[in-house]
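This structure is a prediction, so every number in the text was calculated from the model and none was measured.
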Amino acid sequence: MQKSNTQAINKKMTRNAIKKMRLELSEEEVHALSEACTSKVLQFPELQEAETVCVYMPTGNEIDTSAIIQYCLDNGKKVAAPRVEGDTMEFYYFSDASELRQGAYDIWEPTGMIKVTDEESLVIVPGVAFDLNCNRIGYGKGYYDRYLSNHPKMKKIALAYEFQIVGKIKQEIHDVRPEMIVTESRVIMQPKEFDLISVCKAAKHASRSLCLLDTAKKNACLLKVSKAIEENQEVILKANAKDVANAKKNGMADALVDRLSLNEQRIQGIIEGVVQVVSLTDPIGTVITRFDRPNGLHIEQVRVPFGVIGIIYESRPNVTVDAFSLCFKTGNAVILRGGSDAIHTNMALVSVIRKALKSMDVDENAICLVEDTSREVAARFMKMKQYVDVLIPRGGAGLIQTVVEQSTIPVIETGTGNCHIYIDRYADINKVVPIVHNAKLQRLGVCNACESLVIHEKIADEVIPLLIEDLQKEGCEIRGDEKVCSYNPLIKEATEEDYGTEYLAKIISAKVVKSVYEAIEHINKYSTGHSEAIITENEESAKAFTDGIDSACVYVNASTRFTDGFEFGFGAEIGISTQKLHARGPMGLLALTSSKYVIQGNGQIRN
């Protein structure tokens, strides 16, 4: 999911405002405030006991760190400062000012070549703004976040002026928080650490009993949950209203606010999803294959639960219930780590579900919520391989990439949706506008929305004016190639980036091609492997398209919006997998199972 423009502007405005306030400080004020701040740090055992201290070199009237550097040199400690090379920052040792030179952004950097390797180092962290939870706004390049992510054991103390402490900062999954912030007037400590291990242990323990529940018991529990959600609808909507209000206050894009929002109709849809899962065939215990060996052994491959499934997702509260119902029906415990945007809604939903399970004498830890939405806890969660059997990320490209790259738990990758519709030369004109309109505009902030059009040149003169009229009437911006731009002066020229972008907004790219094969080549180049469609009445074009497109779902004469577990008859879905191993496309019950072999013998021994 992409960040909204408004959110980006708010961070930029904060940076500009704080920088301006710092630059207005006099030299005397910087000196006095820095002394008041660093004098506290000099008393900290974290500094006194550290063998290596990594210190930022101040710029733009930041808190002066020279007193800390001098203390370290006077007391025989190793001192290091950061040096930036391209996208990478490393700390290098130095022993006096002669070993420093002005480097990237005119900041003084060490000239030495010996990197810091002490993973117990103390890092003195700069920043533009902080909040009372120790969330940080940096300078926008991510150098410290990347460095500290790679060195999680290093202790972190941030220095700031009191005016740099602002209201609540939305934390992204890649952000790293300092353990404390020191200003001229106070010390702000990071809130007490969330007990993640206990949560994971509880889910693991619950999974041992869940796998023994029969279908009747599981279905009875799911019906109890659906009724409990209905009975607690007012509580859930009240919690959701808090999240929606916060989202709007923080400048979240309208399409993403829509994704976050619940109403009576959407809660009814969530309830229907749970009830539909009840009606689905329970795959657990199903014999996949059976055979007999010449020695008399009878072998059966039986479908079984994974055990504990972890799900990291963003601001779609329906995922909370969808994930639970599918995991529970397949005998799995689930640990949910939702985004901070939906934390009140998720807490309300999980509380309702846990109480319903407890009333049915079933371990309530069949569903657990990671209530700390910080990046550090998310990073730790991705390493809980001892307790979690599989991890599924649901959200934007940044979230999914982070999970895939950092998790030690096996990951089922769900992808972003840069979905295409190809309008073939043999398309039925009457089908084009309704399909495109539905795929693009029914809901903007979903992964199965169409983001790009590909149009055969032989039908372009007929369909492009119709599409322009319909899309522009709805306020949808079109970005096209030279041919598409020639039809209307309001169309913007598409860039290479446009063709690969999941907009989640009223924007669509368009390109004219000479053949179905050129369309296939273009789509496979820019697609995220989610869902693509062709509009055609020609069987050869349809077959070439369905054979040639390398995506999880390929449609002929239908909207891409049908890529959904509910629409496929799977009940609620756990996500749309765009990878090829284990599961692909909408993931229902079968995707949440593994198998084991049960071998029946009669005293056989191996020769």
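Side-chain contact check for Ser509 versus Leu453: every heavy-atom pair is 4.5 Å or farther apart. Between Asp564 and Val446 there is no side-chain heavy-atom pair separated by less than 4.5 Å. Side chains of Phe381 and Val388 form a contact here, defined as non-hydrogen atoms less than 4.5 Å apart. Using a 4.5 Å heavy-atom threshold, the side chains of Arg479 and Tyr499 count as separate. Contact annotation: the side chain of Gln268 approaches that of Ile271 to within less than 4.5 Å [non-hydrogen atoms, C-beta and beyond]. The shortest distance between side-chain heavy atoms of Leu210 and Pro305 does not fall below 4.5 Å. For the pair Lys492 and Ile478, the minimum side-chain heavy-atom distance is 4.5 Å or more. For the pair Ile229/Val321, a side-chain contact is recorded, criterion being any heavy-atom separation below 4.5 Å from C-beta on.
Judged by distance alone, the side chains of Asp87 and Tyr143 never bring a donor and an acceptor atom under 3.5 Å apart. Between the side chains of Asp424 and Tyr422, at least one donor N or O lies within less than 3.5 Å of an accepting N or O. In this model, a donor atom of one side chain and an acceptor atom of the other lie less than 3.5 Å apart for Thr320 and Tyr313. Checked by atom type, the side-chain pair Asn448/Arg443 shows no donor-acceptor distance below 3.5 Å. His344 and Asp243 form a side-chain donor-acceptor contact under 3.5 Å, judged by distance and modelled atom types alone. Side-chain contact, Gln401 with Glu405: a donor N or O sits under 3.5 Å from an acceptor N or O. Side-chain N/O atoms of Glu532 and Ser527 include a donor and acceptor closer than 3.5 Å. For the residue pair Asn240 / Thr345, a side-chain donor-acceptor distance below 3.5 Å is found, with atom types taken as modelled. Using a 3.5 Å distance cut-off with no hydrogens or angles, the side chains of Thr563 and Ser531 do pair a donor with an acceptor.
In terms of heavy atoms, Ser325 sits closest to Leu222 at CA-CD2, 3.8 Å. Residues Gly127 and Tyr139 share a closest heavy-atom pair of O-OH, 4.0 Å. The shortest heavy-atom contact between Val274 and Ser226 is CG1-CB, 4.0 Å. Between Arg394 and Thr414, the shortest heavy-atom distance links the atoms CA-OG1, 3.6 Å. Closest non-hydrogen pair, Val411 versus Pro393, comes out as CG1-CD, 3.7 Å. Closest approach of Ile236 and Leu349 over heavy atoms only: CD1-CD2, 3.7 Å.
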Evaluate the side-chain hydrogen bond (donor to acceptor under 3.5 Å, both in side chains) criterion for residues Thr501 and Asp498: first the C-alpha distance (whole Å), next the side-chain angles of each, then the deciding distance (0.1 Å), finally the verdict.
-> CA-CA 5 Å; Thr501 297; Asp498 281 316; 5.0 Å; no

Report the C-alpha distance between Lys511 and Ile455 in whole Å, list the side-chain angles of each, state the deciding distance to 0.1 Å, and finish with yes or no for side-chain contact (heavy atoms from CB on, under 4.5 Å).
-> CA-CA 6 Å; Lys511 179 179 176 61; Ile455 305 153; over 6 Å; no

Using the side-chain contact (heavy atoms from CB on, under 4.5 Å) rule, take Asp389 and Ile409 through it: C-alpha gap first, then chi angles, then the decisive distance, then the call.
-> CA-CA 7 Å; Asp389 297 286; Ile409 304 166; over 6 Å; no

Under the salt bridge (Lys or Arg N to Asp or Glu O under 4.0 Å) criterion, do Glu314 and Arg259 qualify, and how do the steps go?
-> CA-CA 10 Å; Glu314 291 173 335; Arg259 225 174 178 179; 5.4 Å; no

Would Phe545 and Ile520 count as a side-chain contact (heavy atoms from CB on, under 4.5 Å) if you check the C-alpha gap in whole Å, the side-chain angles of each, and the deciding distance to 0.1 Å?
-> CA-CA 7 Å; Phe545 191 83; Ile520 292 167; 4.1 Å; yes

Give the C-alpha distance, both sets of side-chain angles, the deciding distance and a yes or no for side-chain contact (heavy atoms from CB on, under 4.5 Å) between Asp145 and Leu148.
-> CA-CA 5 Å; Asp145 288 327; Leu148 294 170; 5.8 Å; no

Working for salt bridge (Lys or Arg N to Asp or Glu O under 4.0 Å), residues Glu477 and Lys506 = CA-CA 6 Å; Glu477 178 184 314; Lys506 286 188 176 182; over 6 Å; no

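A donor-acceptor contact shorter than 3.5 Å is absent between the side chain of Asn232 and the backbone of Val235. For the pair Glu364 (side chain) and Leu357 (backbone), a donor-acceptor distance under 3.5 Å is absent. The backbone N or O of Asp481 lies less than 3.5 Å from no partner atom in the side chain of Glu493, so there is not a single donor-acceptor pair.
For the atom pair Ile353 CD1 and Lys358 NZ, the distance stands at 16.0 Å (nearest 0.5 Å). Taken from CD in Gln190 to CG in Leu132, the straight-line distance is 13.0 Å, to the nearest 0.5 Å. To the nearest 0.5 Å, atom NZ of residue Lys440 and atom NE2 of residue His437 are 12.0 Å apart. The line from NZ of Lys329 to CG of Leu280 is 6.0 Å long, rounded to the nearest 0.5 Å. Leu467 contributes atom CG, which lies 10.5 Å from atom SG of Cys476 (distance to the nearest 0.5 angstrom). Distance CG/Leu237 to CD1/Ile267: 3.5 Å, rounded to 0.5 Å.
At a threshold of 4.0 Å, the pair Asp282-Lys218 counts as salt-bridged, since one of the basic side-chain nitrogens sits closer than that to a carboxylate oxygen. Contact check on Arg266 versus Glu272 returns no salt bridge, with no Lys/Arg side-chain nitrogen under 4.0 Å from an Asp/Glu carboxylate oxygen. Under a 4.0 Å N-O distance rule, the pair Glu567/Arg561 does not qualify as a salt bridge. Using a 4.0 Å cut-off between charged side-chain N and carboxylate O, Glu376 and Arg177 make a salt bridge. The existence of a salt bridge linking Lys168 and Asp131 is excluded, since no basic side-chain nitrogen approaches an acidic carboxylate oxygen closer than 4.0 Å.
Residue Gln442 qualifies as enclosed at atom CD: its count of foreign heavy atoms under 6.0 Å is above 12. Annotation for Asn263: atom CG counts as buried by contact number, over 12 foreign heavy atoms lying within 6.0 Å. Within 6.0 Å of the CG atom in Leu490, the count of heavy atoms belonging to other residues, nucleotides or ligands exceeds 12. For CD of Glu231, the number of neighbouring non-hydrogen atoms (other residues, nucleotides, ligands) closer than 6.0 Å is greater than 12. Atom CD of Glu474 has more than 12 neighbouring heavy atoms from other residues, nucleotides or ligands inside a 6.0 Å radius. The local environment of CZ in Phe562 is sparse, with at most 12 non-hydrogen atoms from other residues, nucleotides or ligands closer than 6.0 Å.
Pairs passing the side-chain hydrogen bond (donor to acceptor under 3.5 Å, both in side chains) check and including a residue from residues 576-593, sequence neighbours excluded, read Arg303-Thr593, Asp550-Lys580, Asp550-Arg584.
When Val334, Asp322, Ile335, Val370 are each tested for a side chain to side chain contact (heavy atoms under 4.5 Å, CB included) with Ile311, only one passes: Val334.
Aromatic ring centres of His420 and Tyr526 lie farther apart than the 6.0 Å criterion allows.
With sequence neighbours excluded, the residues satisfying side-chain contact (heavy atoms from CB on, under 4.5 Å) with Gln406 are Arg375, Ala379, Met382, Lys383, Thr402.
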